[in-house]
Every structure is written in C-alpha cells, then in structure tokens.
Amino acid sequence: MKRTLIILFALLLALPVCVQAEEEFSYHSIVPTPHVTLITPQAGQSYDAGGKLRVQASGKNVLRMEVTLTYEGQNATISMDGAELDYTFDTPQYTSGATVTVVGYGEQDAFGYPMESRQTVSILSPRDKLFQDMFALAAKNYKDPYYYHAPAKEDWDRGICKNFVKRMFDTFKDAYAMKEYPDLPLHMPLNNSKKNCAPYDYGIEWRIETAADGSPFEIAGQFKYDNDKTKEENRALCRAVLESVQAGDFFQMTGDYYYGKGAHSLLFIADYDRATNEVRWTDSNMKNDSVNGYHYGYMQYNAVKSIDWFIDAVCFKLHGCTLYRLRDDLFIR
C-alpha cells in the first residue's frame with residue numbers, strides 16, 4: 001500500500017511538467033491563422049455616387065492586405081501593408097456588375113508559403129441595383145395601409161396604377177443617368193393620348209419618346225391585335241411578348257379581365273418562369289372597391305398568374321400590350 005502511494009505521488013508531481021511541456025509545444029508549433037472581414041461594399045450594393053467605389057476591410061493575424069476589382073474581365077489590384085485596408089476605386093460611368101476580392105496574408109506555413117484569408121463580394125450593376133430598390137420599395141408599401149388601399153379615382157391619386165409604377169421609378173431616378181446622354185435627367189413617359197392610341201383603345205402604350213428626350217425605356221415587345229390574322233395567330237404573337245418578360249420590365253396594357261376593364265400599368269418583379277408558365281408582378285388598382293362612393297385601389301406585391309391569363313385579357317380587337325425595358329447603359333451619378 002505504501003509503495004502504491006509513493007508511485008501515485010510521483011505521478012502527480014510529474015503531471016504539471018507534462019502539461020506545461022504540451023502547452024509550450026502547441027505555442028511554438030501553431031502559426032496564427034489570418035482572417036479578413038470585408039466591411040464595405042456588402043452584397044446587394046452597387047457603385048457609390050460620383051463614380052467611386054470605396055472598399056474597407058480589416059484583418060486579424062494579417063501582415064499584408066490586397067484588394068482586386070474585376071470589371072468586364074479587367075483587374076485592378078492594390079496592395080497595402082498592415083491589417084487595415086481603405087481604398088477608393090474610380091468607377092466613372094460603370095454600367096456592368098463587378099466583383100471585389102480582399103485577401104489578407106499572414107505568416108508562412110510549414111511549407112514556406114504565406115497563409116491567406118479571402119472574401120469576395122459581387123457588385124450589382126446600376127440597373128440591377130435600381131430593380132432591387134424598386135422591388136424593396138414595393139414590398140414595403142404593400143405592408144403600409146397608406147399605399148395598400150389607396151384613393152384611385154382622380155388622375156393624381158396615389159392608387160392609380162400608372163401613378164404607382166411611376167413612383168417606383170421616380171423615387172430613385174435622380175441617382176441615375178444614361179451613358180449616352182449623361183447630362184439628361186431621367187423620366188418615365190406618360191400614357192399616350194387617346195387620339196394617338198387610335199384605332200386601339202387608350203392605354204395600349206406610353207407616349208413615344210427616345211433616350212434623347214430623357215426616357216431610359218425601350219420597347220422590348222409589343223402586341224396589337226391584328227384583324228387580318230386569325231385568333232390563334234394573334235394569341236401566338238401575344239404569347240411571344242409575355243414569354244420575353246424579365247424582372248424590372250414595365251407593362252402597359254388595355255384589356256378586359258375579371259378584376260376590371262381598360263388600361264392598366266404594372267411592374268414585373270421576376271423573369272417569365274417557363275417551367276410554370278407564370279409571371280410575377282406588383283401593381284395598384286387592378287383589384288379595387290369603393291369607400292363612401294370614392295374609388296379605391298388595392299396594391300399587389302408578388303402577384304402571380306399564368307401568361308394565358310394575360311393573353312385572355314388583351315387578345316381581342318382594339319386591345320393589346322407593350323413591354324418596356326430600361327436601357328442597360330444606366331450608371332450612378
């Protein structure tokens with residue numbers, strides 16, 4: 001028994017030495033791992049105003065930092081010593097998306113190579129940023145009683161369909177310009193007059209304006225019922241327009257649908273889904289009612305129907321639709 005106690009005591013005396021030895025071994029053999037955090041830009045951002053893009057990042061266990069901006073296949077790389085990076089790229093009238101990659105280099109590993117940590121973020125094109133902001137505004141308004149159920153009787157009422165889609169664009173338009181006409185303020189054309197729409201019903205299209213007039217919209221597709229063609233031929237032409245729908249397209253139509261009859265404007269928030277044959281949109285006053293004898297429109301967000309629903313609504317005499325798409329040369333002022 002006495003011998004056993006002596007052995008145990010000897011082992012206890014040796015234990016701290018073993019632990020200390022293990023700690024010293026770990027401390028000297030492990031190289032600190034570098035880590036970088038990209039502060040700005042974040043996902044969902046585009047270029048800054050004034051043709052700039054500021055990149056800020058910080059690192060831990062980092063000796064040197066490197067940032068690369070990739071735009072249309074071309075790279076611009078800046079390297080800085082230390083664990084902090086703050087650099088502003090010049091991005092004058094950039095119209096396409098880009099990527100920003102930040103790399104933090106630490107100490108060398110066991111093979112003599114510097115350890116690294118990297119983070120990459122995609123920069124939205126100005127056009128895509130505008131879409132994102134319009135969709136976010138529509139989603140926010142959909143939850144706001146002020147816009148969800150709004151007066152829609154007089155031309156100036158906020159619940160009128162064209163007033164709604166125009167506000168989606170007007171809220172952000174001043175931050176953008178067209179590369180071809182950089183000094184022109186942007187605007188959305190009004191609906192064409194009843195006289196100019198003839199012989200078709202009012203509401204089939206907007207006023208005809210070009211980029212030189214300050215309109216950044218182009219006709220991506222149009223259907224006008226052709227009396228010289230069969231019903232089936234007309235439906236095929238209408239279907240081709242609706243199958244070309246892209247997120248961010250504005251739609252102007254004159255039709256007869258079970259919510260109402262006449263002119264209507266809306267904004268598509270997703271590409272045409274070929275798998276389901278559906279489109280998704282946001283609008284106001286497609287659905288409506290009256291309060292104390294005054295007409296009110298309901299707002300919709302993420303409304304969904306098959307394109308056959310739209311074809312049935314517009315594919316008959318004197319009716320049709322026009323698909324408007326923003327130009328791709330928009331840049332952030």
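- Using a cut-off of 4.0 Å between Lys/Arg side-chain N and Asp/Glu carboxylate O, Arg235 and Asp312 are scored as salt-bridged.
- Distance alone, capped at 3.5 Å, is enough to place a donor-acceptor pair between the Ser284 side chain and the Gly159 backbone.
- A salt bridge (Lys or Arg N to Asp or Glu O under 4.0 Å) with Arg54 is found for one member of Asp48, Asp86, Asp90 and no other, namely Asp86.
- A 4.5 Å side-chain heavy-atom check between Asp226 and Asn234 finds at least one atom pair inside the cut-off.
- Closest approach of Tyr105 to Glu116, counting heavy atoms only: CE2-OE1, 3.4 Å.
- Applying the 6.0 Å contact sphere to OH of Tyr258 captures more than 12 heavy atoms from other residues, nucleotides or ligands.
- Checked against the 6.0 Å centroid criterion, the rings of Trp281 and Phe310 qualify as a close aromatic pair.
- In this structure, Tyr225 has its ring center at least 6.0 angstrom away from the ring center of His319.
- Taking CG from Leu124 and CZ from Phe131, the interatomic distance works out to 11.0 Å, rounded to the nearest 0.5 Å.
- By the criterion of side-chain heavy atoms lying less than 4.5 angstrom apart, applied directly or through intervening Ile, Leu, Val, Met, Phe, Trp or Tyr residues, Ile311 is not grouped with Tyr200; the two fall into different hydrophobic clusters.
- Taking each heavy atom of Met286 and Asn288 in turn, the nearest pair found is O-ND2, 3.6 Å.
- Shown here for Asn163 and Asp155, the closest heavy-atom pair between the two residues is ND2-O, 2.7 Å.
- Closest heavy-atom contact between Tyr296 and His149: CB-NE2, 3.3 Å.
- In summary, Asp308 and Arg239 engage in a salt bridge, as defined by a charged side-chain N under 4.0 Å from a carboxylate O.
- Without hydrogens or angle criteria, Ser215 side chain to Ala211 main chain gives no donor-acceptor distance under 3.5 Å.
- Neither Val165 nor Ile160 shares a network with the other; the hydrophobic side chains, linked directly or stepwise wherever heavy atoms of I, L, V, M, F, W or Y lie under 4.5 Å apart, form separate groups for each.
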Verdict with reasoning, Asn196 to Arg207, per side chain to side chain donor-acceptor pair (under 3.5 Å) | CA-CA 8 Å; Asn196 289 336; Arg207 289 181 183 174; over 6 Å; no
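- Contact annotation: the side chain of Glu107 never approaches that of Met115 to less than 4.5 Å [non-hydrogen atoms, C-beta and beyond].
- Looking at Phe217, Phe268, Phe223 one by one, the single match for ring-ring contact (aromatic ring centres under 6.0 Å, His included) with Phe251 turns out to be Phe268.
- Between Lys231 and Glu233 there is no salt bridge, since no side-chain nitrogen of the basic residue lies less than 4.0 Å from a carboxylate oxygen of the acidic one.
- Nearest heavy atom pair, residue Asp157 against residue Pro151, reads CB-O, 3.0 Å.
- At most 12 heavy atoms of other shown residues, nucleotides or ligands fall within 6.0 angstrom of atom CD1 in Ile208.
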Walk me through it: do Asn227 and Lys317 pass the test side chain to side chain donor-acceptor pair (under 3.5 Å)?
-> CA-CA 7 Å; Asn227 293 334; Lys317 292 181 180 181; 4.8 Å; no
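- Between the side chains of Asn277 and Tyr272, at least one donor N or O sits under 3.5 Å from an acceptor N or O.
- For Gln252 (side chain) and Glu205 (main-chain N/O), no donor-acceptor pair under 3.5 Å exists by modelled atom type.
- Counting non-hydrogen atoms of other residues, nucleotides and ligands closer than 6.0 Å to NZ of Lys195 gives a total of 12 or fewer.
- Val121 and Met65 fall within the same hydrophobic cluster, where Ile, Leu, Val, Met, Phe, Trp and Tyr residues are linked whenever their side-chain heavy atoms come under 4.5 Å apart, directly or through other members.
- Between Tyr94 and Phe331, the distance from one ring center to the other does not fall under 6.0 angstrom.
- Taking the six-membered ring for Trp and the full ring otherwise, the centers of Tyr87 and Phe89 sit less than 6.0 Å from each other.
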Asp249 vs Arg325, salt bridge (Lys or Arg N to Asp or Glu O under 4.0 Å): CA-CA, chis, key distance, verdict | CA-CA 5 Å; Asp249 286 349; Arg325 185 165 297 159; 2.8 Å; yes
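- Residues Met253 and Leu237 are members of one and the same hydrophobic cluster, defined by side-chain heavy-atom contacts under 4.5 angstrom among Ile, Leu, Val, Met, Phe, Trp and Tyr.
- The side chain to side chain donor-acceptor pair (under 3.5 Å) test with Asn285 is passed by exactly one of Lys153, His295, Gln300: His295.
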Derivation and outcome, side chain to side chain donor-acceptor pair (under 3.5 Å), residues Gln222 and Thr322 = CA-CA 4 Å; Gln222 187 175 56; Thr322 309; 2.8 Å; yes
May I have the list of side-chain donor-acceptor pairs in residues 73-85 shorter than 3.5 Å, sequence neighbours left out?
unit_1 : atom_1 : unit_2 : atom_2 : d
Asn75  : OD1    : Thr70  : OG1    : 2.7
Thr77  : OG1    : Thr68  : OG1    : 2.9
Ser79  : OG     : Arg64  : NH1    : 3.1

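- Nearest heavy-atom pair, Thr88 versus Lys52, reported as atom, atom and distance to 0.1 Å: CG2-CB, 3.8 Å.
- Lys129 has a carboxylate O that lies under 4.0 Å from a charged side-chain N of Asp133, or vice versa, which qualifies the two as a salt bridge.
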Let me check something: any side-chain donor-acceptor pairs from residues 175-187 under 3.5 Å, sequence neighbours excluded? List them with distances.
unit_1 : atom_1 : unit_2 : atom_2 : d
Tyr176 : OH     : Leu130 : N      : 3.4
Glu180 : OE1    : Arg327 : NH2    : 2.8
His187 : NE2    : Glu209 : OE1    : 2.5

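- The shortest distance between side-chain heavy atoms of Ile332 and Ser46 falls below 4.5 Å.
- Below 30°, between 30° and 60°, or above 60°: for Trp309 and Tyr259 the angle between ring planes is between 30° and 60°, a tilted geometry.
- Remark: Asp273 engages no residue in a salt bridge (Lys or Arg N to Asp or Glu O under 4.0 Å) (not counting sequence neighbours).
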Derivation of the side chain to side chain donor-acceptor pair (under 3.5 Å) call for His35 and Asn61 | CA-CA 7 Å; His35 177 76; Asn61 302 323; over 6 Å; no
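- Annotation: cation-pi geometry satisfied between Arg158 and Tyr146 (NZ/CZ under 6.0 angstrom from ring centroid, within 45° of ring axis).
- With hydrophobic clusters built from ILVMFWY side chains whose heavy atoms lie under 4.5 angstrom apart, Leu242 does not share a cluster with Ile204.
- A perpendicular orientation is assigned to the rings of Tyr298 and Tyr148, their planes being inclined by more than 60° (bins at 30° and 60°).
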